[in-house]
There are 2 protein chains.
Amino acid sequence: MSVIRILTVDDHPLLREGIAAVFDAQDDMTLVGQASNGREAIESFRRLRPDVTLMDLRMPDMSGIEAIAAIRAEFANARIIVLTTYAGDAQAAAALKAGAAGYLLKNMVRKELIETIRAVHAGKRRVPPEIATEIAEHVADDALTEREVQILQCVAAGKSNKLIAVQLAISEGTVKTHMKSILPKLDASDRTHAVMIALRRGILDL
Amino acid sequence: MSVIRILTVDDHPLLREGIAAVFDAQDDMTLVGQASNGREAIESFRRLRPDVTLMDLRMPDMSGIEAIAAIRAEFANARIIVLTTYAGDAQAAAALKAGAAGYLLKNMVRKELIETIRAVHAGKRRVPPEIATEIAEHVADDALTEREVQILQCVAAGKSNKLIAVQLAISEGTVKTHMKSILPKLDASDRTHAVMIALRRGILDL
DNA sequence: CGCGCGCTACCCCTTTAGGGAGATGCCGCG
DNA sequence: CGCGGCATCTCCCTAAAGGGGTAGCGCGCG
């Protein structure tokens, strides 16, 4: 039986140590490298060609989602598992769309980690039911457009429609039109509510 | 030289394993127990009387801040270090007010962890300069009152002033009066901005 | 005791946000 | 080529939010 060669990517050294400790106890897994942000992850992947990569999403320098997309663009058969604290269905969906084969939460138990790594290494996809359910709840909704997200970011920054209009070089009426499109899409009662929902769903960052 | 007996409290088993791995390599420290939420933490503390406790803040069942306060009420000389991802100056200040002797971020390196544990065990307080600076930036501001936080929570839930008034059984005018007090305190331009600032500073939860 | 603060409540007024309906130009896709 | 989605813009109207000031009432603290 071959040994599974693993790369971990996370900006928390302590967590990486915890993961390493788990693999030390598994004789069919070995940790071949560690990285602490997306940029390092890409570089490490090129050099090490791990069988499975564990990747956090929120990291300095380059996010996990960007790193996943970049690695998959270069190595189409790269097997990457997201390992993160839950950050909303939009984040999870984006990670899977970028090419992640699995999604794990940091509060899971050791057994799930091992099991998921084996499954992904065998070419399967693994998304926990609670995550899958959350994503499924919103596939029916039409997603926000790029422009709408941009406007929502301005709203979150405390800007008025008038200011947003100036900043994006469009009329205030157009900003209102976009807001009238955003609110029902997010099922929000007003702009403040829309921002909260977008934060919870991982559409906006805090 | 006596061995430092340590209790860890965090809802991420992997992180606890990482911490445990660090202590295994230190011959003057030993991990005597683990807990995964505030309630378990209190119970474990009573039973084990650790020299130093490492406590996360965001946990299910009971938050770290409540646990710190409860433990310190019962054991006034308990030495507790917060170990968390940064959650704003209000959270940090609340933890220190509740009786924490130190504040560490999860993205620190091993050496800082060891050093802080030794310092706190020796009776010192340890707060990293970047945290101390953040807290200091806001000590001059007058804090939100209990009622104001309550109203801001309603605002974050997407409620209108009218709805908030009904729910809190006060007049809409009073809600407006409170808002007129909240906005300048947070230096916010409108209610949405106020909610964002409160989230970033740890005054509200997502 | 008096003072300050928190909570309550009211007034007036301006600005902003939100809801409805309609319309144009652009671009990609079948 | 025509259709749909996106972004842009317009007009009208109502509701909500924000800014100013004033004031009573209870409570703790020096």
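Letters go in sequence order (proteins before strands), and every chain restarts at 1. Predicted model only: the values in this text are computed from it and were never measured.
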| Which atom of Ala78(B) lies closest to which atom of Ile71(B), heavy atoms considered | CB-CG2, 3.8 Å
| request: Report the nucleotide, chosen from dA17(C), dA17(D), dT8(C), that has the shortest atom-to-atom distance to any side-chain atom of Ser160(B). | output: dA17(D)
| Touch class at under 4.0 angstrom, heavy-atom based, for Thr174(B) against every strand present | base
| request: For the pair Asp190(B) and His193(B), evaluate side-chain hydrogen bond (donor to acceptor under 3.5 Å, both in side chains) and give the outcome as yes or no after the intermediate values. | output: CA-CA 5 Å; Asp190(B) 59 44; His193(B) 199 195; 5.6 Å; no
| task | Start with the C-alpha distance between Glu66(B) and Ser63(B), add both sets of side-chain angles, then the distance that settles side-chain hydrogen bond (donor to acceptor under 3.5 Å, both in side chains), and finish with yes or no. | result | CA-CA 5 Å; Glu66(B) 294 173 272; Ser63(B) 81; 3.3 Å; yes
| message | Under a 3.5 Å threshold, yes or no: a donor from one side chain and an acceptor from the other, between Glu40(A) and Ser36(A)? | response | yes
| task | Measure from NE2 on His193(B) to P on dG18(D) and round the result to the nearest Å. | result | 13 Å
| remark: Leu163(B) CG to dA15(D) P, in whole Å, measures 15 Å
| task | Choose from dG18(D), dG6(C), dA17(C) the nucleotide whose nearest atom is closest to any side-chain atom of Thr145(B). | result | dG6(C)
| query | What integer distance in Å separates Ile151(B):CD1 from dA17(D):P? | reply | 12 Å
| message | Please report the interatomic distance CG(Leu57(A)) to OG1(Thr84(A)), rounded to the nearest 0.5 Å. | response | 4.5 Å
| field | Nearest-Å distance for atom pair NZ/P, residues Lys185(A) and dG5(D) | value | 11 Å
| field | Trace of the side-chain hydrogen bond (donor to acceptor under 3.5 Å, both in side chains) decision for Tyr86(A) with Glu134(A) | value | CA-CA 11 Å; Tyr86(A) 189 59; Glu134(A) 274 252 11; 3.2 Å; yes
| request: Quickly work out the Asp190(B) CG to dA17(D) C1' distance and round it to whole Å. | output: 9 Å
| request: Of all the heavy-atom pairs spanning Thr85(A) and Leu105(A), show the shortest one and how long it is. | output: C-CD2, 4.4 Å
| query | What nucleotide among dT8(C), dA7(D), dC10(C) has an atom nearest to a side-chain atom of Ser171(B)? | reply | dC10(C)
| note | Heavy-atom nearest nucleotide on DNA chain C taken for Asn161(A) and for Glu172(B); more 5' hit belongs to Glu172(B)
| request: Figure out the CD1/P separation between Ile170(B) and dC10(C), and round it to whole Å. | output: 11 Å
| Phosphate OP1/OP2 of dT8(D) contacted by Arg147(A) side-chain N/O (<4.0 Å) | yes
Polar-atom pairs under 3.5 Å, protein N or O versus N or O of nucleotides 20-23 of chain C: list them with distances, or write none.
residue	atom	partner	partner atom	Å
dG20(C)	N7	Lys180(A)	NZ	3.4
dG20(C)	O6	Lys180(A)	NZ	2.7

| field | Between dA17(C) (P) and Arg191(B) (CZ): distance, integer Å | value | 12 Å
Protein-nucleotides 13-15 of chain C N/O pairs under 3.5 Å:
none

| field | Asp11(B)/Lys106(A) under salt bridge (charged side-chain N to carboxylate O under 4.0 Å, His left out): CA gap, chis, key distance, verdict | value | CA-CA 9 Å; Asp11(B) 61 329; Lys106(A) 282 187 178 173; over 6 Å; no
| note | d(Arg201(B) CZ, Leu186(B) CG) to nearest 0.5 Å is 6.5 Å
| request: Return the value, rounded to whole Å, for the distance between atom CG of Leu144(A) and atom P of dG5(D). | output: 16 Å
| message | Among residues at least two apart in sequence or on other chains, which ones pass side-chain hydrogen bond (donor to acceptor under 3.5 Å, both in side chains) with Ser171(A)? | response | Thr174(A)
| note | DNA chain C nearest-nucleotide lookup for Ala169(B) and Asp142(B): closer to the 5′ end is Asp142(B)
